[in-house]
Amino acid sequence: WLFLTGPYEEIQQLALAGFKLPVEATGGTPEEPIIHSQRLVLVDGDAQIRGYYDGTDSEAQLELMRDVARLLRERR
């Protein structure tokens with residue numbers, strides 16, 4: 001697993017402006033101060049968003065895995 005770390009304001013800006021995902025700034029814990037959506041975002045090597053996926057939906061997870069495999073093939 002890779003997790004994003006850094007200043008709160010920068011992470012919030014990335015989520016909102018970069019990934020176009022809502023961020024809830026209240027209700028978190030000191031360890032996880034940002035409450036975020038269950039959507040996963042696939043970003044390619046050029047920092048382009050390639051897809052959004054519901055992280056709780058098994059079909060969406062399969063689609064994500066297929067799309068990741070396709071991106072990896074494109075890199076060769």
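Atoms considered below: every heavy atom in the structure, side chains included; atoms not considered: hydrogens, waters and symmetry mates. Bear in mind that the values here come from a model prediction, so they are computed numbers and not experimental data.
Interatomic distance, CG of Asp44 versus CZ of Arg75, reported as 10.0 Å (0.5 Å rounding). Here Asp54 contributes atom CG and Gln38 contributes atom CD; the two are 4.5 Å apart, rounded to the nearest 0.5 Å. For the atom pair CG (Leu14) and CZ (Phe19), the distance works out to 4.0 Å, reported to the nearest 0.5 Å. Expressed to the nearest 0.5 Å, how far OG1 of Thr56 lies from CG of Leu40 amounts to 9.0 Å. The structure places CG of Leu21 at 7.5 Å from CD1 of Ile49, a figure rounded to the nearest 0.5 Å. The CD atom of Glu63 sits 9.0 Å away from the CG atom of Asp57 when rounded to the nearest 0.5 Å.
A continuous path of hydrophobic side-chain contacts links Val41 to Ile11 [ILVMFWY only; heavy atoms under 4.5 Å]. Under the 4.5 Å side-chain contact rule for hydrophobic residues, Leu71 and Val68 share a cluster.
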For side chain to side chain contact (heavy atoms under 4.5 Å, CB included), just list the numbers for Tyr53 and Asp67, CA-CA rounded to whole Å, side-chain angles, deciding distance to a tenth of an Å, and then say yes or no. CA-CA 10 Å; Tyr53 311 84; Asp67 290 349; 2.5 Å; yes

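In this structure, the side chain of Gln48 does not engage the main chain of Val43 through any donor-acceptor pair within 3.5 Å.
Leu42 places none of its side-chain heavy atoms less than 4.5 Å from the side chain of Tyr52. Residues Leu62 and Glu59 are in side-chain contact: their nearest non-hydrogen atoms beyond the backbone lie under 4.5 Å apart.
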